[in-house]
*Asks:* 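Below is one structure. I have some questions about it.
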There are 2 protein chains.
Amino acid sequence: MPKLVDHAARRRELAAAVWRVIARDGVAEVSIRAVAAESGWSSGALRHYFATRGELLAFACEQVTERATARIRDLDPPGPPRAQVRAVLLEVMPLDTERRIEASISFAFLALGLGDPALARVQRQQHAALYELCRSLAAQLGAGGEAVARRLHALVDGLSLQIMAGHLSPEAAVAELDAYLAELAG
Amino acid sequence: MPKLVDHAARRRELAAAVWRVIARDGVAEVSIRAVAAESGWSSGALRHYFATRGELLAFACEQVTERATARIRDLDPPGPPRAQVRAVLLEVMPLDTERRIEASISFAFLALGLGDPALARVQRQQHAALYELCRSLAAQLGAGGEAVARRLHALVDGLSLQIMAGHLSPEAAVAELDAYLAELAG
DNA sequence: CCGATTATGGCACGACTGTGTTATCAAGGA
DNA sequence: TCCTTGATAACACAGTCGTGCCATAATCGG
């Protein structure tokens, strides 16, 4: 038997290189060669794990969702329900550098997905996952059913968008979120 | 004097070609040659009105904001204040094909702006314009000051984002908006 | 009619792209 | 030790990209 490589792990490693390129140079600069250089492998080696550039991009986008959901699953915030909900939502929004990079990747894929049905599918899954989270959080709050979940989802998405657009500071976004949660409680 | 061309009009004409390319093929397909072919001019002619590709993109993005604000300025919806506010907001959200194209262009530029400071500036202006609109609408409603404006802005952005992501139908988004406006009135 | 000036089209350059193909390398079973 | 087989690197290929350059066409004051 020749040298054996953990394909799944290698694919994740290459996806991480894609993220770094996007975070540093923007999504327009993502090419096979750029990712190869960033990862330290050759472009030929890349082709062993991803047949095309589109496949590489789609996997990198899926990984963003997967990592975020795993992070939230492992999260076990203390305190009363409202504080727990707040903690989880803060974990989703682009408030610090790491999550900002994640969000910029998501937005980049949204733009790409507008012209590429395969990427659009991945993008829809990402949004569905966030909605599911909002739904479970709304249930945790006790107050209201799907109406609250939808409102919360739209609010979180809107605030995230405005942070990324440079229109809202992270602090202001958190204040907005707190105001809404306070209304829900009152 | 040689043949004189209205530069501003020609630039607007070329920007419209950029929009068509984005709407049809996605933002990744925007190139000097593609826009030249779409507009019917040669790439050399394009260079007379835009020195670089970035300049062309920035102008095309600015034009989106300009057209939208002009459309809203000329709008004079009938009925009570709440219906007027509703009509204006419906004009902003990507509910039909035309506005969907506008929104996809805006999102594309948001993604591009994440890696290009010049485009980021244009993007911020766009968001500021929408916020100003929300502020004036909130004042028109009489109820509440900047807090309502910020909430409304976040909600409209979030709903628009979810429509574009394919997660929300236009009808559902309108229902969400109506629910919020009803809460404001009650 | 002429020349000054602007608009325009066409082309060449170098760099970059995605995608194949091919050769080399490494590692473990026979 | 050899040989099979997967992993990897290197390269070739045909395109496309942005951009600068130059010749030509069009136009109007003189």
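Protein chains get the first letters and strands the later ones, always in sequence-line order, with residue 1 at the start of each.
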*Asks:* Determine whether more than 12 heavy atoms belonging to other residues, nucleotides or ligands lie under 6.0 Å from atom CD of B:Glu66.
*Replies:* no

*Asks:* Base, backbone or nothing for each nucleotide of nucleotides 11-23 of chain D, written B, S, -, heavy atoms under 4.0 angstrom, 5' to 3'?
*Replies:* -B----BBBB---

*Asks:* Determine the minimum heavy-atom distance between A:Ser42 and A:Ala36, stating which atoms define it.
*Replies:* C-CB, 3.8 Å

*Asks:* Does A:Tyr49 reach a base, just sugar-phosphate, or nothing at all? Heavy atoms under 4.0 Å.
*Replies:* sugar-phosphate

*Asks:* Starting from C1' on C:dT19, measure out to CG on A:Leu57 and report it in whole angstrom.
*Replies:* 15 Å

*Asks:* Say whether A:Gln125 and A:Thr65, considering side chains only, have a donor N or O and an acceptor N or O under 3.5 Å apart.
*Replies:* no

*Asks:* With a 3.5 Å distance limit and no angle check, can you tell me whether B:Trp19 reaches the backbone of B:Ala60 through a side-chain donor-acceptor pair?
*Replies:* yes

*Asks:* Below 3.5 Å, can you tabulate the donor-acceptor pairs from side chains in residues 172-186 of chain A to any protein atom, sequence neighbours excluded?
*Replies:*
| from | atom 1 | to | atom 2 | distance (Å) |
| --- | --- | --- | --- | --- |
| A:Glu176 | OE2 | B:Arg150 | NE | 3.0 |
| A:Asp178 | OD1 | A:Arg86 | NE | 2.6 |
| A:Asp178 | OD2 | A:Arg86 | NE | 3.3 |
| A:Asp178 | OD2 | A:Arg86 | NH2 | 3.1 |
| A:Glu183 | OE1 | B:Arg151 | NH1 | 3.4 |
| A:Glu183 | OE2 | B:Arg151 | NH2 | 3.1 |

*Asks:* Take atom CG of B:Leu46 and atom P of C:dG9, then tell me their distance rounded to the nearest Å.
*Replies:* 9 Å

*Asks:* Distance check needed: C:dA7 C1' versus B:Arg11 CZ, whole Å only.
*Replies:* 16 Å

*Asks:* Rounded to whole Å, how long is the line connecting atom CZ of B:Arg10 with atom C1' of C:dT6?
*Replies:* 12 Å

*Asks:* Report yes or no: do B:Asp157 and A:His167 form a side-chain donor-acceptor pair below 3.5 Å?
*Replies:* no

*Asks:* Under 4.0 Å between a side-chain N/O of B:His7 and OP1 or OP2 of C:dT6, yes or no?
*Replies:* no

